[in-house]
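Input: a single structure, listed below in C-alpha cells.
Note that this is a predicted model, so its numbers are computed, not measured.
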Amino acid sequence: MKVNLFATCLGDMVKAEVAKKTVLLLEQLNCEVIFPERQGCCGQPSLNSGYSDGSKAAMKSIISSFEVNDYPIVSPAGSCAATIKRYPEYLADEPEWAARAQKIADRLYELTQFIVGTLGITDLGAKLCGRAVYHPSCSLIRKLGVREEPLALLDKVEGLEMLPIANQETCCGFGGTFSVKMSEISGEMVKEKVQHISAVKPDYLIGADISCLINIGGRISREGKPIKVMHIVDVLLSGEGK
C-alpha cells in the first residue's frame, strides 16, 4: 500500500526521530511511504489563538500539498491530524476549498488508527521489558476518537506491563498555545499528571502525541524522575533485530 507521511512541524524540527521511525515502521508493514515536499505547518498555533482567517493560507497549502495523489495520509501527531480534520469547518465560507479540505480529511489517519483500523494489525512483534504508563492525549481520544488503538498495539508488546493511573484521561496541560497563554494553570496540570504517573513507579511513559510527550517529559526531567519518555513508534520498533 502507498501512503503519504504528514511529518508535522514538531516531527520536522523537534522530534525528527519520530518522523524517521514512523517511516521505518510503515515500511516494515509493507507500505511505500511518499513524502509530499510542499507540506508545511497545519496552522494549529494560529488557529488555537483564534486567527482562523489568518490561518487560511497555511490550510490551503496543506490541502494542495496532499492533492498530488489519493493515497492515505498518515501522521504520528494526533493534534495536527485533528487540526486538519477541522479544515472544512474553518473553510466553510469558501465551499470549493471546504470540499477539497473534506477530501483530505477523509484520507487522514493518526498512525495507530491507521495500523489497527486500516491495516488490521495489532501484533508487530515488538519486545520491551518493564512497566509503563500510557498517556491518552486529548487530541486522540476527544477529537479523533482514537482510544483503544494505541492500547491494542501496546498490549501485544512482549515483556511490557501497562499500569493504570489516577485520572488517566485528564489533560496534561499543553493544549497548544494554552500552555503559553495560561502558563500557571498549565504548569499545575502537568505537575499533577506527573504526580499520578510517578505514584505507580513506571519505567516508561508512552504516548502517541509528540506535543504531550514534550510537555510531560519536560516536567519529568525537571523533577529528576527516572522515567523514560517514549513515543509509541519507539516501542513498536523495539526488540531483537530492530
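Residues passing the salt bridge (charged side-chain N to carboxylate O under 4.0 Å, His left out) test with Arg107, sequence neighbours excluded: none. Under the rule for a ring pair (Phe, Tyr, Trp, His ring centres under 6.0 Å), the partners of Tyr109 that lie at least two apart in sequence or sit in another chain are Phe114. Under the salt bridge (charged side-chain N to carboxylate O under 4.0 Å, His left out) criterion, Glu94 pairs with Lys56, Lys60, not counting sequence neighbours. Checked against side chain to side chain contact (heavy atoms under 4.5 Å, CB included), Glu158 has the following partners two or more places apart in sequence or in another chain: Lys127. Every residue two or more places apart in sequence or in another chain was checked for a side chain to side chain donor-acceptor pair (under 3.5 Å) with Thr22, and none qualifies. For Ile214, the side chain to side chain contact (heavy atoms under 4.5 Å, CB included) partners at least two apart in sequence or on another chain are Leu10, Val14, Lys15, Ile210.
Between the Asp209 side chain and the Ser79 main chain, a donor and an acceptor come within less than 3.5 Å of each other. The main-chain N or O of Tyr51 is never found under 3.5 Å from a side-chain atom of Ser49 such that the two would form a donor-acceptor pair. With hydrogens and angles ignored, the 3.5 Å screen pairs no side-chain donor or acceptor of Ser221 with any backbone N or O of Gly217. No donor-acceptor distance shorter than 3.5 angstrom exists from the side chain of Glu67 to the backbone of Ile104, with no hydrogens or angles considered.
Hydrophobic cluster membership is shared by Val233 and Leu29, with clusters built from Ile, Leu, Val, Met, Phe, Trp and Tyr side chains linked at under 4.5 angstrom. Val116 and Ile73 fall into different hydrophobic clusters, defined by Ile, Leu, Val, Met, Phe, Trp and Tyr side-chain heavy atoms under 4.5 Å apart, directly or through other members. Met59 and Leu108 fall within the same hydrophobic cluster, defined by Ile, Leu, Val, Met, Phe, Trp and Tyr side-chain heavy atoms under 4.5 Å apart, directly or through other members. In this structure, Val68 is not a member of the same hydrophobic cluster as Val33, with clusters built from ILVMFWY side-chain heavy atoms closer than 4.5 Å.
Side-chain contact between Glu188 and Glu192 is absent, with no heavy atoms from C-beta onward closer than 4.5 Å. Residues Glu161 and Pro202 fail the side-chain proximity criterion, which asks for heavy atoms closer than 4.5 Å. A 4.5 Å side-chain heavy-atom check between Asp234 and Lys21 finds at least one atom pair inside the cut-off. Residues Leu154 and Val235 form a side-chain contact, since some pair of their non-hydrogen atoms from C-beta on lies under 4.5 Å apart.
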| query | Stepwise, does the side chain to side chain contact (heavy atoms under 4.5 Å, CB included) test hold for Cys31 with Leu119? | reply | CA-CA 10 Å; Cys31 292; Leu119 298 182; 4.2 Å; yes
| field | Full working for side chain to side chain contact (heavy atoms under 4.5 Å, CB included) between Asn215 and Lys193 | value | CA-CA 10 Å; Asn215 187 42; Lys193 175 65 70 173; over 6 Å; no
| request: In sequence, state the C-alpha distance, the side-chain angles, and the governing distance for Glu27 and Leu24, and then conclude on side chain to side chain contact (heavy atoms under 4.5 Å, CB included). | output: CA-CA 5 Å; Glu27 289 178 340; Leu24 292 174; 4.2 Å; yes
| task | Go through the steps to decide whether Val74 and Thr118 satisfy the test side chain to side chain contact (heavy atoms under 4.5 Å, CB included), and finish with yes or no. | result | CA-CA 11 Å; Val74 181; Thr118 301; over 6 Å; no
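Each ring pair (Phe, Tyr, Trp, His ring centres under 6.0 Å) pair with one or both residues in residues 4-42, not counting sequence neighbours, appears once here: Phe6-Phe66. Pairs engaging residues 78-106 under the ring pair (Phe, Tyr, Trp, His ring centres under 6.0 Å) rule: none recorded [sequence neighbours left out]. Among pairs with a residue in residues 188-236, none fulfils ring pair (Phe, Tyr, Trp, His ring centres under 6.0 Å), at least two apart in sequence or across chains.
Contact between Lys85 and Ala105 at its shortest, heavy atoms only, is NZ-O, 2.5 Å. The two residues Leu140 and Ala208 have their closest heavy-atom pair at CD2-CB, 3.8 Å. Shortest non-hydrogen contact noted between Glu110 and Gly78 is CG-CA, 4.2 Å. Listed here is the closest heavy atom pair of Phe174 and Ser211: CE2-CB, 3.3 Å. Summarising the geometry of Pro76 relative to Leu111, their closest heavy-atom pair is CA-CB, 4.1 Å, with the distance given to 0.1 Å. In this structure, Met189 and Cys171 approach most closely via the heavy-atom pair CE-CB, 3.7 Å.
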Show me, pair by pair, the donor-acceptor contacts under 3.5 angstrom made by side chains of residues 37-46, not counting sequence neighbours?
residue	atom	partner	partner atom	Å
Gln39	OE1	Ala7	N	3.0
Gln39	NE2	Leu5	O	2.8
Gln39	NE2	Pro36	O	3.1
Ser46	OG	Gly43	O	3.1
Ser46	OG	Ser55	OG	2.5

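Atom OG of Ser238 and atom CD1 of Ile232 lie 10.5 Å apart (nearest 0.5 Å). Rounding to the nearest 0.5 angstrom, the gap separating the CD1 atom in Ile63 from the CD atom in Gln102 is 10.5 Å. The CZ atom of Arg142 sits 9.0 Å away from atom OG of Ser137, with the distance rounded to the nearest 0.5 Å. Taken from CD1 in Ile121 to CG in Leu236, the straight-line distance is 11.0 Å, to the nearest 0.5 Å. Atom CD1 in Ile206 sits 5.0 Å away from atom CG in Leu160 (nearest 0.5 Å). Atom CG of Asn4 sits about 10.5 Å away from atom CD of Glu32, to the nearest 0.5 Å.
Val190 belongs to a hydrophobic cluster whose remaining members, ordered by chain and number, are Val133, Leu163, Ile165, Val194, Ile197, Val200, Leu205, Leu213, Ile216, Ile220, Ile227, Val229; membership requires side-chain heavy atoms of ILVMFWY residues under 4.5 Å apart, directly or through intermediates. Its side chain within the 4.5 Å cluster rule, Tyr71 clusters with Ile34 among the Ile, Leu, Val, Met, Phe, Trp and Tyr residues.
A salt bridge is defined here as a Lys NZ or Arg NE, NH1 or NH2 lying under 4.0 Å from an Asp or Glu carboxylate O, and Glu169 with Arg147 meets this definition.
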